[in-house]
Amino acid sequence: MALDMGMFETINPSRFITFTIPSPPLSHHDHHNDNHLLRVAVLDSPVQLSDSLAQPQVALMFVPKHREHDWIFSTESGHLQLLLSCHQFSRLILIGDEPTTDDSPDLPITTKHDSFDQKSLEDSVKPLVIALSRKFCFDKNGIYNVPLLSYEDNVVSSVVLEKCVGDFAGEMLVEDVEIESEGGECRKREFRRRLRFKRMPNLVQTEVKLVPEAAISLDSVKIGGKVRFRPHIGVLVHVYLVPMVASCALIGSYIGERIRFGFRPKALCVGVGGGALVSFLRTQLDFEVVGVEMDEVVLRVARQYFGLEDGEFLQVSVGDAIEFLEKLARQIVGKNPDSFGACSLKDGNFLDNSDRVDNKFDVIMVDLDSGDARNGTSAPPLEFVRKDVLLAARLILSDFGIFVMNVIPPNRSFYDMLIQEFREVFQELYEIDVGNEENFVLIATGLSIVSSGSDCENAFGKKLRLLISGEYMDSIRKI
């Protein structure tokens, strides 16, 4: 069936069309193979121009070599995230090798340093790009003006360990990657394990450091080789988790006093994912940790691949986080104390122990994304900042506890709205700018924090500073 090129003369919000063409000569592809095809994907932005008289802009991007199977480039949700990250463009044309349909267990390894002649390929597909954007690809002087965008990340090579499907998270994958580290001229080899969801493939849900199981020189190690890796849960590598943990410095004196009198500090983690945060709080800071995760398959993946281990002081629950908070809050205020019922922990009885003081938490940490790629990458979900949900969180927080949330605001108005909602429930607000132009860590307290000198003078504060970057501890700002 012939493609009607006339349809591309207008921007149709959220329209997504894919088709294949024979690979042109002079490209990086094997032009000796007459059957080699290129996949062309055209996506129009769901965001309409604020100026109705402005001419829409079109951009072109080539899929990096060997990355055509990656959900970032092979799915509509990945394409949308790429487009929304370049908000000035109304249409993004993505061209790359057609992904194969081979589902053999020998999953592909991608290599960053494999390159191709982008200029030759750009010249080869220029007539096609013009046909796909005839009304928008020339400026007012009649000069061709379709920028060629490049995709850059720090992945050197990767191999997919497993793809699976969860009831709530949907399709997901676990992959091992080698990344380029920031170390000047002397590049240090680093290996990570990642969890990603197909619904938002550009967002890494969980990332942990990998080390070889046996003592061996890293010079002889490669992703996908014979050397077996294990997750190193004693260090946090996901960019926003360190500042989330750094928020504990705000109440370092309080936590230190609890430890000194023989009490183990308690944390509730809403959104477990691969378990990097809950494992770190338990093993490195000696917290008693409860985790709540919606998807049981995610927890299976966390245990199998990311080092999550349930135990006496680390319990995880499968269930809805909002229901969990609200039912526990009702139990605390004495309304229908038996209503907690189905929200009790699946693998333990943490909340039934009578020696737990008020069943309250010293720290509540929320790490949930919106799950809707149409709005770009954003966190938390809007339903989690309803006043009744925040009130429930406030009720289960100890008097001197903190409520910590990872925030990825899609725009400034979202962040301002979030702050206003928090101010109606909590006494004081603080923030940490993660510094990646994306994440903020928002910290709320039920009572005003009265400093009793440097929190680093107590044992907990000193330990915290040794474990994580003191830079984030020192950058907590009251707002």
Side-chain angles (χ1 to χ4, degrees), residues 64 66-67 69-72 103-114 153-166 169 171-183 186-198 201-242 245 269 272-284 291 293 295 297-311 314 316 367 467-468:
H66 300 316
R67 297 287 291 271
H69 290 87
D70 194 316
W71 286 338
I72 295 174
D103 292 326
S104 67
D106 297 322
L107 297 165
I109 298 172
T110 65
T111 305
K112 180 171 186 173
H113 300 298
D114 289 346
D153 61 14
N154 61 355
V155 175
V156 176
S157 61
S158 67
V159 60
V160 175
L161 303 182
E162 181 183 344
K163 289 184 178 180
C164 53
V165 181
E171 291 186 69
M172 67 189 83
L173 63 80
V174 180
E175 62 183 352
D176 284 353
V177 301
E178 179 180 352
I179 65 169
E180 287 183 332
S181 61
E182 298 177 1
C186 183
R187 188 176 74 85
K188 180 182 177 183
R189 301 188 73 192
E190 289 191 32
F191 302 94
R192 306 280 174 83
R193 181 162 292 165
R194 291 174 171 176
L195 172 65
R196 290 193 290 138
F197 297 162
K198 189 175 184 179
N202 306 51
L203 180 65
V204 177
Q205 300 289 334
T206 297
E207 183 171 22
V208 297
K209 183 177 181 179
L210 289 179
V211 294
E213 287 186 353
I216 188 172
S217 171
L218 292 184
D219 293 337
S220 60
V221 175
K222 67 177 182 178
I223 291 296
K226 295 181 179 180
V227 174
R228 295 175 63 87
F229 290 90
R230 63 174 176 83
H232 181 19
I233 61 176
V235 61
L236 295 172
V237 295
H238 215 159
V239 63
Y240 63 86
L241 290 186
V242 173
V245 172
C269 294
V272 174
L277 180 59
V278 297
S279 295
F280 186 87
L281 291 173
R282 167 64 193 95
T283 62
Q284 304 304 304
E293 170 60 51
D295 200 308
V297 175
V298 171
L299 289 182
R300 191 270 299 170
V301 166
R303 294 183 179 106
Q304 181 174 347
Y305 293 103
F306 291 89
L308 177 65
E309 293 183 359
D310 302 88
L314 199 167
V316 291
D367 182 17
L467 287 171
I468 65 172

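Since we're looking at a predicted model, the values are computed, not measured.
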*Assess whether atom CD of Q304 is packed by more than 12 heavy atoms of other residues, nucleotides or ligands within 6.0 Å.*
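Yes.
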[atom1] of [X] to [atom2] of [Y]: how many Å apart, nearest 0.5 Å?
| X | Y | atom1 | atom2 | result |
| --- | --- | --- | --- | --- |
| D70 | L173 | CG | CG | 7.5 Å |
| F229 | E213 | CZ | CD | 9.5 Å |
| L314 | T283 | CG | OG1 | 8.5 Å |
| H69 | S158 | NE2 | OG | 12.0 Å |
| L236 | I468 | CG | CD1 | 8.0 Å |
| R303 | E309 | CZ | CD | 10.5 Å |

*Test: E190 and K209 ion pair at under 4.0 Å*: no
Under 3.5 Å: donor-acceptor pair, side chain of [X], backbone of [Y]:
| X | Y | value |
| --- | --- | --- |
| R193 | Y305 | yes |
| R192 | V177 | no |
| H238 | L277 | no |
| E293 | V272 | yes |
| R196 | W71 | no |

Close side-chain approach of [X] and [Y], heavy atoms under 4.5 Å:
| X | Y | result |
| --- | --- | --- |
| L195 | F306 | yes |
| C164 | R300 | yes |
| V298 | T206 | no |
| R189 | E178 | yes |
| V211 | R230 | yes |
| D176 | L161 | yes |
| H232 | V237 | no |
| V155 | R194 | yes |

Quick one: closest heavy-atom pair of [X] and [Y], and the distance?
| X | Y | value |
| --- | --- | --- |
| V227 | P212 | CG1-CB, 3.9 Å |
| P231 | V208 | CB-CG2, 4.0 Å |
| Q284 | L467 | O-CD1, 3.5 Å |
| Y240 | D367 | OH-OD2, 2.6 Å |
| C269 | L281 | SG-CD1, 3.7 Å |
| G275 | A302 | N-CB, 4.4 Å |

